[in-house]
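Only this structure's heavy atoms are used, side chains among them; waters, hydrogens and symmetry mates stay out. Along the sequence shown, the residues carry numbers beginning at 1. Atoms within each ligand, like the ligands themselves, are counted from 1 in listed order.
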Amino acid sequence: MKKAFITGITGQDGSYLAQFLLEKGYNVYGLTRRTSTQNFERIKEIIHHPNLELISGDLVDQQSITFALQDIQPDEIYNLAAQSFVKASWEQPVLTGEFTAIGVTKVLEAMRLACPKAKFYQASSSEMFGKVREVPQNENTPFYPRSPYGVAKVYGHWITVNYRESYDLFAVSGILFNHESPRRGLEFVTRKISNTVARIKLGKEEVIELGNLDSKRDWGYAKDYVQAMWLMLQQDKADDYVIATGETHSVREFLQIACKVAGLGDYEKYYKHNKKYDRPAEVDLLIGNPEKAKKVLHWSPTISFEELVTLMVEKDLEFELKNSN
Ligand code: NAP
Ligand code: F7E
């Protein structure tokens with residue numbers, strides 16, 4: 001049985017990846033932080049799985065990662081843990097640097113010392129392209145990050161490349177464009193829209209307050225994207241890949257479709273601009289070119305943009321119907 005170690009198992013991607021690997025017969029070890037209240041909501045369906053073990057640790061604590069890897073001796077390591085909310089990275093730039101940038105070095109150092117034969121996946125991001133230098137973006141597009149988060153991810157990306165080249169480790173970076181699901185955190189724009197629109201439909205809210213409706217993103221489905229992470233580690237050669245749908249849509253289009261799916265009609269009746277959601281520096285347009293992943297990994301997205309919006313709104317309508325307030 002193969003063994004996989006996942007940091008960030010309680011997050012959107014970590015929870016789907018753990019499920020995916022358990023279904024493939026892996027023993028899965030997930031790093032979780034100590035919190036005063038448990039936040040296992042996203043892994044509640046797998047928490048009692050006999051092949052899942054949770055290990056207490058934190059990206060800021062080197063020993064907790066090194067000891068975990070020494071004990072487990074995993075075949076595959078997926079470093080998904082990060083401070084992942086771009087807006088929060090201006091409010092907590094130092095913490096973002098500690099978790100999202102230096103945290104990567106900590107996991108790589110632990111691997112180098114404890115299990116250098118393992119395969120390592122780093123969760124790189126399209127936010128590294130920021131103020132884009134070319135359209136669409138591919139593996140060779142230069143980076144121009146526009147937030148402390150983007151800057152931290154560029155560090156994480158290059159330290160992964162550097163450890164691969166310096167120590168001959170099997171270390172890859174997946175440059176993933178935005179990917180969403182009903183498990184997305186409520187602060188990200190897609191889930192904020194799907195959830196608030198569902199609440200408006202059920203009479204729990206009257207308006208949706210948002211920032212910039214004109215920014216455009218290449219939005220895919222998180223379940224498809226965790227499969228791509230796994231495929232990258234099944235290759236003979238370590239390499240970096242862009243994972244994207246190749247389509248871009250504005251926040252406004254997401255809102256329009258969400259209102260239509262919920263049967264609310266014209267979004268302008270409910271939308272209010274609130275400058276508190278605007279960013280000090282915006283990423284206006286992202287669109288990825290996933291040709292390399294299609295050719296080498298035989299990966300492709302399985303659902304369309306409209307299907308993604310529909311899935312998220314329908315799940316939030318169900319969720320909000322079950323919860324009374
Ligand atoms: P997420 O839902 O925000 O999950 C982040 C995970 O990291 C959570 O499990 C969180 O634990 C954990 N974490 C944060 N700080 C930690 C620390 N100091 N020590 C240990 N664990 C810590 O993020 P996601 O959407 O699943 O994304 C997964 C990864 O992909 C992240 O690195 C993100 O930056 C990157 N990424 C995401 C996207 C996207 O569109 N989703 C695109 C490109 C790259 P708690 O539950 O305890 O908070
Ligand atoms: O913003 C605009 C906002 O926070 C998308 C993370 O997973 O993907 C994610 O980062 C856009 C931005 O995601 C609101 O200004 C308007 O232009 O959903 P988001 P993000 O910043 O693209 C990348 C690939 C990652 O790696 C990150 O970890 O939507 N927007 N109004 C708003 N955004 C939010 N959150 N809230 C609003 O009210």
Side-chain angles (χ1 to χ4, degrees), residues 6-18 30-35 37-43 55-61 64-65 78-89 95-96 98-100 102-104 106-107 121-130 145-147 149-150 152-153 156-157 173-181 183-193 196 208-222 225-226 229 242-244 250-252 254-255 271-286 288:
I6 304 175
T7 71
I9 192 166
T10 52
Q12 171 188 257
D13 291 6
S15 64
Y16 282 122
L17 178 67
L31 188 82
T32 57
R33 316 192 254 186
R34 193 264 156 188
T35 46
T37 311
Q38 275 185 348
N39 62 344
F40 294 162
E41 181 58 28
R42 293 188 181 102
I43 51 172
I55 316 275
S56 179
D58 196 297
L59 279 192
V60 294
D61 190 299
S64 65
I65 306 167
Y78 296 87
N79 183 39
L80 308 186
Q83 190 303 92
S84 76
F85 187 39
V86 173
K87 184 75 162 61
S89 76
L95 175 140
T96 302
E98 294 283 353
F99 291 9
T100 307
I102 299 299
V104 186
K106 294 201 174 126
V107 183
Y121 173 86
Q122 166 57 15
S124 283
S125 163
S126 52
E127 282 294 298
M128 301 189 303
F129 297 124
R146 291 273 279 171
S147 63
Y149 170 82
K153 281 288 178 189
H157 182 82
S173 262
I175 307 175
L176 271 51
F177 282 62
N178 298 54
H179 46 279
E180 317 295 316
S181 74
R183 292 188 194 170
R184 188 54 141 154
L186 284 162
E187 67 276 34
F188 297 93
V189 79
T190 55
R191 182 76 199 290
K192 181 176 171 182
I193 294 174
T196 313
I208 177 160
E209 294 193 2
L210 294 162
N212 176 18
L213 293 194
D214 295 319
S215 62
K216 294 179 121 186
R217 291 289 183 275
D218 180 328
W219 277 298
Y221 181 35
Y225 286 48
V226 301
M229 297 174 188
V242 158
I243 303 297
S250 65
V251 173
R252 190 185 307 278
F254 197 105
L255 178 61
Y271 162 68
K272 216 170 129 189
H273 179 255
N274 187 334
K275 65 178 179 351
K276 118 172 155 192
Y277 299 112
D278 290 339
R279 296 182 176 182
E282 181 60 284
V283 171
D284 297 318
L285 165 74
L286 290 173

>> Heavy-atom contact check, 4.0 Å cutoff: does Arg183 meet ligand 1?
In response: no
>> Taking 4.0 angstrom as the limit and counting only heavy atoms of Ser125, give me the atoms of ligand 2 inside it, by number and element.
In response: 23 (C), 24 (C), 25 (C), 26 (O)
> Phe85 heavy atoms, cut-off 4.0 Å: which ligand 2 atoms fall inside?
Replying inline: 4 (O), 35 (N)
> Looking at Asp278, Asn274, Val189, which one forms a side chain to side chain contact (heavy atoms under 4.5 Å, CB included) with Leu210?
Replying inline: Val189
> Which is closest to atom 21 (N) of ligand 1 by heavy-atom distance: Gly156, Gly11, Ala81, Ala222?
Replying inline: Ala81
> Looking just at side-chain N and O atoms, do Gln83 and Thr96 make a donor-acceptor pair shorter than 3.5 Å?
Replying inline: yes
> For atom 48 (O) of ligand 1, what's the nearest protein heavy atom and its distance?
Replying inline: Arg33 NH2, 2.7 Å
> Of all the atoms in ligand 2, which lie at a distance below 4.0 Å from a heavy atom belonging to Lys192?
Replying inline: 37 (C), 38 (O)
> So which heavy atom in the protein is nearest atom 36 (N) of ligand 2, and how far is it from that ligand atom?
Replying inline: Glu187 O, 3.9 Å
> How many angstroms lie between atom OG1 of Thr7 and atom CG of Asn79, to the nearest 0.5 angstrom?
Replying inline: 3.5 Å
>> Tell me the protein heavy atom at minimum distance from atom 8 (O) of ligand 2, and give that distance in Å.
In response: Asn178 ND2, 3.0 Å
> At what distance is the nearest protein heavy atom to atom 31 (N) of ligand 2, and which residue and atom is it?
Replying inline: Gly211 N, 2.8 Å
> Can you tell me the protein heavy atom closest to atom 34 (O) of ligand 1 and the distance?
Replying inline: Tyr149 OH, 2.6 Å
> Counting from 1, what ligand 1 atoms have a heavy atom of Phe99 closer than 4.0 Å?
Replying inline: 15 (N), 18 (N)
>> Checking the N or O distance criterion of under 3.5 Å, is ligand 1 in contact with Asp58?
In response: yes
>> Heavy-atom pairs closer than 4.0 Å: do any link ligand 2 to the side chain of Val86, the backbone, both, or neither?
In response: side chain
>> Using side chain to side chain contact (heavy atoms under 4.5 Å, CB included), reason through Arg42 and Thr10 one step at a time and then give a plain yes or no.
In response: CA-CA 6 Å; Arg42 293 188 181 102; Thr10 52; 5.7 Å; no
> How far is atom 6 (C) of ligand 1 from its nearest protein heavy atom, and which residue and atom name does that atom have?
Replying inline: Gly8 CA, 3.6 Å
> Nearest protein heavy atom to atom 16 (C) of ligand 2, by residue and atom, and its distance?
Replying inline: Asn212 O, 3.2 Å
> What is the closest protein heavy atom to atom 27 (C) of ligand 2, and at what distance does it sit?
Replying inline: Ser84 O, 3.3 Å
> Under 4.5 Å between any side-chain heavy atoms of Leu213 and Tyr271, yes or no?
Replying inline: yes
> Does Arg33 reach the side chain of Asn39, with side-chain heavy atoms less than 4.5 Å apart?
Replying inline: no
> For ligand 1, which atoms sit closer than 4.0 Å to a heavy atom of Asn39?
Replying inline: 45 (P), 46 (O), 47 (O)
> What are the atoms of ligand 2, with element, lying closer than 4.0 Å to any heavy atom of Ser126?
Replying inline: 24 (C)
> Which protein heavy atom lies closest to atom 27 (O) of ligand 1, and at what distance to 0.1 Å?
Replying inline: Asp13 OD2, 3.7 Å
> How far apart are the C-alpha atoms of Glu282 and Arg217, what are their side-chain angles, what is the distance that settles it, and do they pass the salt bridge (Lys or Arg N to Asp or Glu O under 4.0 Å) test?
Replying inline: CA-CA 12 Å; Glu282 181 60 284; Arg217 291 289 183 275; 3.6 Å; yes
> So which heavy atom in the protein is nearest atom 14 (C) of ligand 2, and how far is it from that ligand atom?
Replying inline: Val189 CG2, 3.5 Å
> Any idea which atoms of ligand 1 are less than 4.0 Å away from a heavy-atom of Asn178?
Replying inline: 40 (O)
> At what distance is the nearest protein heavy atom to atom 30 (O) of ligand 1, and which residue and atom is it?
Replying inline: Ala123 CB, 3.4 Å
>> For atom 11 (C) of ligand 2, what's the nearest protein heavy-atom neighbour? Residue, atom name and distance, please.
In response: Ser215 OG, 3.7 Å
>> Tell me the protein heavy atom at minimum distance from atom 43 (C) of ligand 1, and give that distance in Å.
In response: Leu176 O, 3.1 Å
>> Please check this pair: side chain of Lys106 against backbone of Asp58, looking for a donor-acceptor N/O pair closer than 3.5 Å.
In response: no
> atom 15 (O) of ligand 2: which protein heavy atom is closest, and how many Å away?
Replying inline: Glu282 OE2, 2.6 Å
> Who's closest to atom 7 (O) of ligand 2 heavy-atom-wise, of Arg217, Arg184, Arg279, His273?
Replying inline: Arg184
> Which bit of His179 is near ligand 1, meaning a heavy atom under 4.0 Å away: side chain, backbone, both or neither?
Replying inline: both
>> When you measure from the side chain of Lys153 to the backbone of Ile175, do you find a donor-acceptor pair of N or O atoms at a distance under 3.5 Å?
In response: no
> Which ligand 2 atoms, with their elements, are less than 4.0 angstrom from a heavy-atom of Tyr149?
Replying inline: 25 (C), 26 (O), 27 (C), 28 (O)
> Hey, is Arg184 touching ligand 1 through its side chain, its backbone, both or neither, going by heavy atoms under 4.0 Å?
Replying inline: side chain
> Is there a side-chain contact between His179 and Asp13, using heavy atoms and a 4.5 Å cut-off?
Replying inline: yes
>> Any heavy-atom pair between the side chains of Met128 and Pro145 that's under 4.5 Å?
In response: no
>> Evaluate Leu210 for polar contact with ligand 2, using N/O atom pairs at a separation under 3.5 Å.
In response: no
> So do the side chains of Ser15 and Ile43 get within less than 4.5 Å of each other, counting heavy atoms only?
Replying inline: yes
>> Below the 3.5 angstrom mark, is there an N/O of Thr190, backbone or side chain, next to an N/O of ligand 2?
In response: no
> Which heavy atom of the protein is the closest neighbour of atom 11 (O) of ligand 1, given with residue, atom name and distance?
Replying inline: Thr10 OG1, 3.3 Å
> When rounded to the nearest 0.5 angstrom, what is the spacing between CG in Leu80 and CG in Leu17?
Replying inline: 6.0 Å
> What residue and heavy atom of the protein are closest to atom 5 (C) of ligand 1, and at what distance?
Replying inline: Ala82 O, 3.8 Å
> Run the side chain to side chain contact (heavy atoms under 4.5 Å, CB included) check on Tyr78 and Val226 step by step: do they pass?
Replying inline: CA-CA 10 Å; Tyr78 296 87; Val226 301; over 6 Å; no
>> When you compare the side chains of Arg279 and Ser147, does any donor N or O come within less than 3.5 Å of an acceptor on the partner?
In response: no
>> side chain to side chain contact (heavy atoms under 4.5 Å, CB included), that's the test. Do Lys87 and Lys276 meet it? Break it down for me.
In response: CA-CA 10 Å; Lys87 184 75 162 61; Lys276 118 172 155 192; 5.9 Å; no
> Should you measure from each heavy atom of Ser124, which atoms of ligand 1 turn up under 4.0 Å away?
Replying inline: 43 (C), 44 (C)
>> As an exercise, identify every atom of ligand 1 less than 4.0 angstrom from a heavy atom of Lys153.
In response: 31 (C), 32 (O), 33 (C), 34 (O), 35 (C)
> Which of the listed options, Ser56, Gly30, Ser84, holds the heavy atom that is closest to atom 23 (O) of ligand 1?
Replying inline: Ser84
> Just by distance, do the side chain of Thr196 and the backbone of Ile193 share a donor-acceptor pair under 3.5 Å?
Replying inline: no
>> For ligand 2 and Trp219, I'd like to know whether there is a polar contact (N/O to N/O, distance under 3.5 Å).
In response: no
>> Using 0.5 Å steps for rounding, measure from the CD atom of Gln12 to the CD atom of Glu180.
In response: 6.5 Å
>> Please check whether Leu59 reaches ligand 1 - meaning an N/O of the residue sits under 3.5 Å from an N/O of the ligand, judged on distance alone.
In response: yes
